[in-house]
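Side-chain atoms are counted along with the backbone in the values below, which use heavy atoms only and exclude waters and symmetry mates.
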Amino acid sequence: MKNKINFGAIVVYYVIAVICRYVAVKTNLLASVENPYLVILLRGVGPALGALAAIKIFSLDNPMSLKGIYKNALVPFAVYWLLPAFLIAGVYYFIIGKFPILLMFTVLVYGLLEEIGWRGFLQEQLKSLPKFTSILIIAVLWFAWHLNFDMTSSNMIFFGIIFFGSWGIGKVFTSTGSLLAVAGVHSLNNFFRNGLHDTELTLIIVLLVIWVGFIILYNRKFKPQVNPA
(Lines give C-alpha, C1' and ligand atoms only; values in the text may rest on other atoms or scores of the structure.)
Protein backbone atom coordinates (compact mmCIF):
# COMPACT_ATOMS: atom_id res chain seq x y z
CA MET A 1 0.00 0.00 0.00
CA LYS A 2 1.37 3.39 -1.01
CA ASN A 3 2.03 5.99 1.64
CA LYS A 4 -0.48 8.82 1.73
CA ILE A 5 1.03 12.19 0.90
CA ASN A 6 0.64 14.75 3.66
CA PHE A 7 -0.01 17.88 1.61
CA GLY A 8 -0.47 19.99 4.74
CA ALA A 9 3.04 19.12 5.90
CA ILE A 10 4.45 19.94 2.48
CA VAL A 11 2.72 23.32 2.47
CA VAL A 12 4.07 24.15 5.94
CA TYR A 13 7.54 23.03 4.89
CA TYR A 14 7.55 25.11 1.72
CA VAL A 15 6.05 28.27 3.23
CA ILE A 16 8.72 28.31 5.95
CA ALA A 17 11.47 27.56 3.43
CA VAL A 18 10.38 30.39 1.12
CA ILE A 19 9.87 32.92 3.91
CA CYS A 20 13.36 32.25 5.26
CA ARG A 21 14.81 32.53 1.76
CA TYR A 22 12.96 35.78 1.09
CA VAL A 23 14.14 37.34 4.33
CA ALA A 24 17.73 36.29 3.60
CA VAL A 25 18.03 37.41 -0.03
CA LYS A 26 15.29 39.97 -0.66
CA THR A 27 15.51 42.12 2.48
CA ASN A 28 18.27 43.93 4.33
CA LEU A 29 17.85 42.03 7.58
CA LEU A 30 21.18 40.27 7.15
CA ALA A 31 23.06 43.47 6.34
CA SER A 32 24.23 43.77 9.94
CA VAL A 33 25.69 40.25 9.97
CA GLU A 34 29.42 40.72 9.55
CA ASN A 35 30.44 37.08 9.26
CA PRO A 36 30.18 36.16 5.55
CA TYR A 37 30.08 32.43 6.31
CA LEU A 38 27.09 32.89 8.59
CA VAL A 39 25.35 34.88 5.86
CA ILE A 40 25.83 31.97 3.47
CA LEU A 41 24.31 29.54 5.95
CA LEU A 42 21.33 31.78 6.73
CA ARG A 43 20.48 31.90 3.03
CA GLY A 44 20.07 28.13 2.97
CA VAL A 45 18.58 27.37 6.38
CA GLY A 46 14.92 27.57 5.27
CA PRO A 47 14.49 24.04 3.90
CA ALA A 48 15.95 22.52 7.09
CA LEU A 49 13.76 24.64 9.37
CA GLY A 50 10.70 23.96 7.23
CA ALA A 51 11.31 20.21 7.23
CA LEU A 52 11.87 19.98 10.97
CA ALA A 53 8.81 22.14 11.68
CA ALA A 54 6.57 20.08 9.39
CA ILE A 55 7.75 16.81 10.91
CA LYS A 56 7.16 18.12 14.42
CA ILE A 57 3.76 19.73 13.75
CA PHE A 58 2.34 16.73 11.90
CA SER A 59 4.16 14.07 13.96
CA LEU A 60 5.52 12.50 10.79
CA ASP A 61 7.51 9.30 10.62
CA ASN A 62 10.23 10.85 8.48
CA PRO A 63 13.58 9.54 9.72
CA MET A 64 16.71 11.26 8.50
CA SER A 65 20.26 10.05 8.79
CA LEU A 66 23.69 11.54 8.27
CA LYS A 67 25.27 8.11 7.80
CA GLY A 68 22.51 6.34 5.86
CA ILE A 69 23.58 2.85 4.78
CA TYR A 70 27.13 3.29 6.05
CA LYS A 71 28.32 1.84 9.35
CA ASN A 72 29.04 5.28 10.77
CA ALA A 73 28.98 8.91 9.67
CA LEU A 74 32.76 9.03 9.27
CA VAL A 75 32.57 7.12 5.99
CA PRO A 76 30.31 9.53 4.05
CA PHE A 77 31.97 12.48 5.81
CA ALA A 78 35.38 11.43 4.49
CA VAL A 79 34.21 10.50 0.99
CA TYR A 80 31.65 13.25 0.32
CA TRP A 81 33.01 16.11 2.48
CA LEU A 82 36.72 15.81 3.22
CA LEU A 83 37.65 14.61 -0.26
CA PRO A 84 35.97 17.41 -2.26
CA ALA A 85 36.80 20.11 0.30
CA PHE A 86 40.54 19.44 0.31
CA LEU A 87 40.70 18.62 -3.41
CA ILE A 88 38.96 21.83 -4.46
CA ALA A 89 40.69 23.98 -1.83
CA GLY A 90 44.00 22.55 -3.02
CA VAL A 91 43.26 23.47 -6.63
CA TYR A 92 42.27 26.97 -5.49
CA TYR A 93 45.61 27.24 -3.70
CA PHE A 94 47.67 26.34 -6.75
CA ILE A 95 45.68 28.67 -9.01
CA ILE A 96 45.01 31.74 -6.88
CA GLY A 97 47.29 31.22 -3.89
CA LYS A 98 44.53 30.75 -1.32
CA PHE A 99 43.41 27.69 0.61
CA PRO A 100 39.75 28.46 1.45
CA ILE A 101 38.99 25.33 3.44
CA LEU A 102 36.59 27.17 5.77
CA LEU A 103 34.61 28.36 2.75
CA MET A 104 34.52 24.80 1.39
CA PHE A 105 33.00 23.45 4.59
CA THR A 106 30.57 26.37 4.81
CA VAL A 107 29.32 25.49 1.34
CA LEU A 108 28.96 21.85 2.40
CA VAL A 109 26.95 22.78 5.49
CA TYR A 110 24.80 25.03 3.30
CA GLY A 111 24.17 22.05 1.02
CA LEU A 112 23.25 19.94 4.05
CA LEU A 113 20.71 22.52 5.23
CA GLU A 114 19.06 22.44 1.81
CA GLU A 115 19.17 18.68 1.48
CA ILE A 116 17.46 18.11 4.84
CA GLY A 117 14.50 19.71 3.09
CA TRP A 118 14.66 18.69 -0.58
CA ARG A 119 15.74 15.08 -0.24
CA GLY A 120 15.42 14.24 3.46
CA PHE A 121 11.88 15.59 3.71
CA LEU A 122 10.25 16.40 0.36
CA GLN A 123 11.54 13.43 -1.64
CA GLU A 124 10.48 11.14 1.18
CA GLN A 125 7.02 12.70 1.28
CA LEU A 126 6.57 12.28 -2.47
CA LYS A 127 8.06 8.79 -2.81
CA SER A 128 4.66 7.21 -3.51
CA LEU A 129 4.35 9.23 -6.73
CA PRO A 130 5.75 8.11 -10.09
CA LYS A 131 9.45 8.98 -10.29
CA PHE A 132 9.15 11.58 -13.04
CA THR A 133 6.27 13.32 -11.29
CA SER A 134 8.18 13.45 -8.01
CA ILE A 135 11.32 14.79 -9.69
CA LEU A 136 9.36 17.44 -11.59
CA ILE A 137 7.55 18.66 -8.46
CA ILE A 138 10.80 18.86 -6.48
CA ALA A 139 12.57 20.63 -9.35
CA VAL A 140 9.81 23.24 -9.77
CA LEU A 141 9.58 23.95 -6.03
CA TRP A 142 13.37 24.02 -5.66
CA PHE A 143 13.74 26.38 -8.61
CA ALA A 144 10.99 28.72 -7.34
CA TRP A 145 12.56 28.72 -3.87
CA HIS A 146 15.56 30.58 -5.29
CA LEU A 147 13.20 33.54 -5.98
CA ASN A 148 14.75 34.33 -9.35
CA PHE A 149 12.02 34.40 -11.97
CA ASP A 150 13.70 36.36 -14.76
CA MET A 151 12.95 34.70 -18.10
CA THR A 152 16.53 34.61 -19.29
CA SER A 153 18.44 31.87 -21.07
CA SER A 154 20.76 31.45 -18.08
CA ASN A 155 17.77 31.01 -15.82
CA MET A 156 16.31 28.36 -18.10
CA ILE A 157 19.65 26.57 -18.06
CA PHE A 158 19.57 26.83 -14.27
CA PHE A 159 16.15 25.17 -14.23
CA GLY A 160 17.60 22.36 -16.36
CA ILE A 161 20.42 21.95 -13.85
CA ILE A 162 17.87 21.91 -11.02
CA PHE A 163 15.79 19.26 -12.81
CA PHE A 164 18.70 16.93 -13.53
CA GLY A 165 20.09 17.67 -10.07
CA SER A 166 16.77 16.57 -8.56
CA TRP A 167 17.10 13.31 -10.48
CA GLY A 168 20.81 12.72 -9.80
CA ILE A 169 20.92 13.79 -6.17
CA GLY A 170 17.69 11.88 -5.63
CA LYS A 171 19.37 8.75 -6.95
CA VAL A 172 22.26 9.24 -4.53
CA PHE A 173 19.82 9.62 -1.66
CA THR A 174 17.90 6.50 -2.69
CA SER A 175 21.17 4.55 -2.94
CA THR A 176 22.82 5.79 0.26
CA GLY A 177 20.13 7.24 2.54
CA SER A 178 22.86 9.62 3.70
CA LEU A 179 22.31 13.35 4.08
CA LEU A 180 26.09 13.83 4.17
CA ALA A 181 26.36 12.14 0.78
CA VAL A 182 23.68 14.21 -0.93
CA ALA A 183 25.00 17.42 0.66
CA GLY A 184 28.38 16.72 -0.91
CA VAL A 185 26.90 16.11 -4.35
CA HIS A 186 24.62 19.13 -4.02
CA SER A 187 27.57 21.36 -3.18
CA LEU A 188 29.44 20.69 -6.43
CA ASN A 189 27.62 23.49 -8.21
CA ASN A 190 27.99 25.90 -5.30
CA PHE A 191 31.73 25.30 -5.05
CA PHE A 192 32.29 26.88 -8.46
CA ARG A 193 30.30 30.10 -8.30
CA ASN A 194 33.50 32.16 -8.49
CA GLY A 195 36.54 31.21 -10.54
CA LEU A 196 38.07 27.88 -11.54
CA HIS A 197 36.21 28.06 -14.85
CA ASP A 198 38.96 26.19 -16.74
CA THR A 199 39.18 23.33 -14.27
CA GLU A 200 35.73 23.00 -12.69
CA LEU A 201 34.41 20.50 -15.24
CA THR A 202 37.40 18.23 -14.68
CA LEU A 203 36.97 18.38 -10.91
CA ILE A 204 33.24 17.69 -11.17
CA ILE A 205 33.83 14.68 -13.42
CA VAL A 206 36.59 13.31 -11.19
CA LEU A 207 34.46 13.60 -8.06
CA LEU A 208 31.36 12.16 -9.70
CA VAL A 209 33.33 9.17 -11.03
CA ILE A 210 34.81 8.56 -7.57
CA TRP A 211 31.42 8.86 -5.86
CA VAL A 212 29.50 6.70 -8.31
CA GLY A 213 32.23 4.07 -8.20
CA PHE A 214 32.25 4.15 -4.40
CA ILE A 215 28.46 3.72 -4.21
CA ILE A 216 28.52 0.80 -6.63
CA LEU A 217 31.43 -0.97 -4.95
CA TYR A 218 30.05 -0.41 -1.44
CA ASN A 219 26.63 -1.72 -2.40
CA ARG A 220 28.14 -4.78 -4.06
CA LYS A 221 30.33 -5.58 -1.09
CA PHE A 222 27.87 -4.99 1.74
CA LYS A 223 24.49 -5.18 -0.06
CA PRO A 224 23.03 -2.72 2.47
CA GLN A 225 19.37 -1.88 2.81
CA VAL A 226 18.56 1.83 2.90
CA ASN A 227 16.90 2.12 6.29
CA PRO A 228 18.35 5.20 7.99
CA ALA A 229 18.47 5.10 11.74
Per ring pair (Phe, Tyr, Trp, His ring centres under 6.0 Å), Tyr13 is matched among Phe58, Phe121, Trp145 by Phe121
Worksheet item: In terms of the angle between their ring planes, are Tyr110 and His186 parallel, tilted or perpendicular, with boundaries placed at 30° and 60°?
Response: perpendicular
Sorted by chain and residue number, the side chain to side chain contact (heavy atoms under 4.5 Å, CB included) partners of Leu102 (sequence neighbours excluded) come out as Tyr37, Thr106
Is the Phe143 ring parallel, tilted or perpendicular to the Phe158 ring (thresholds 30°, 60°)?
tilted
- prompt: Would a 4.5 Å heavy-atom cut-off, applied to side chains only, mark Arg21 and Lys26 as touching?
  reply: no
Looking at Ala31, is its backbone amide N or carbonyl O close enough to the side chain of Asn28 to form a donor-acceptor pair, meaning the two atoms are under 3.5 Å apart? no
Per side chain to side chain contact (heavy atoms under 4.5 Å, CB included), Trp211 is matched among Thr176, Val172, Val206, Leu188 by Leu188
Counting distance only, does the side-chain N/O of Asn155 pair as donor-acceptor with the main-chain N or O of Asp150 below 3.5 Å? yes
inquiry  = When you measure from the side chain of Ser65 to the backbone of Ser178, do you find a donor-acceptor pair of N or O atoms at a distance under 3.5 Å?
reply    = no
The single option from Leu129, Leu136, Ile135 that satisfies side chain to side chain contact (heavy atoms under 4.5 Å, CB included) with Phe132 is Leu136
- Query: Does Gln125 offer a backbone N or O that forms a donor-acceptor pair with the side chain of Asn6 under 3.5 Å?
  - Reply: no
I'd like to check Val182 versus Phe173 (side-chain heavy atoms, cut-off strictly below 4.5 Å). Are they in contact? yes
